[in-house]
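All remarks here apply to the structure that follows.
It should be emphasised that the depicted structure is a prediction, and the values quoted were computed from it without experimental measurement.
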Amino acid sequence: MSQKKLDLDALKKRIAALPPEKRAIFEEQLKKRNLQIPQQTITKRLDSENITLSLAQERLWFLDQLDPENSAYNIAIAWRFTGNLNHTIFRKKF
């Protein structure tokens with residue numbers, strides 16, 4: 001990956017991480033200089049129609065209808081803890 005692409009990605013991440021107040025100030029300064037940032041967020045749909053499922057979503061829905069108790073598509077997570085573990089607090093949280 002080129003250095004210019006890496007620098008641009010880093011800049012986008014820094015802008016996205018700005019608190020809302022600072023981002024508003026930043027965007028106002030850009031407007032004063034007739035510059036703009038490309039929209040980074042996904043916009044809300046205006047219509048209220050039902051949206052069709054993707055093929056992957058349809059497949060999962062169909063398989064769930066066939067066998068609701070099947071957990072084949074659940075994602076398992078492994079946890080690795082280091083240090084001392086307070087078992088009492090752990091049991092309360094999980």
Worksheet item: Looking only at heavy atoms, what is the nearest atom pair of R23 and I15, with distance?
Response: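 Smallest heavy-atom distance, with atoms named: NH1-O, 3.5 Å.
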With sequence neighbours excluded, residues passing side-chain contact (heavy atoms from CB on, under 4.5 Å) with [X]:
{"X": "Q29", "result": "I25"}
{"X": "T88", "result": "N86, K92"}
{"X": "L60", "result": "Y73"}
{"X": "N70", "result": "D67, A72"}

Item checked: Partner set under side-chain hydrogen bond (donor to acceptor under 3.5 Å, both in side chains) for S54, not counting sequence neighbours ->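 side-chain hydrogen bond (donor to acceptor under 3.5 Å, both in side chains) list for S54, sorted by chain: Q57.
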Is a salt bridge present between E27 and K31, judged by a nitrogen-to-oxygen distance below 4.0 Å? no
Point to revise | Hydrophobic cluster identity match, L35 and L11, side-chain contacts under 4.5 Å | key: yes
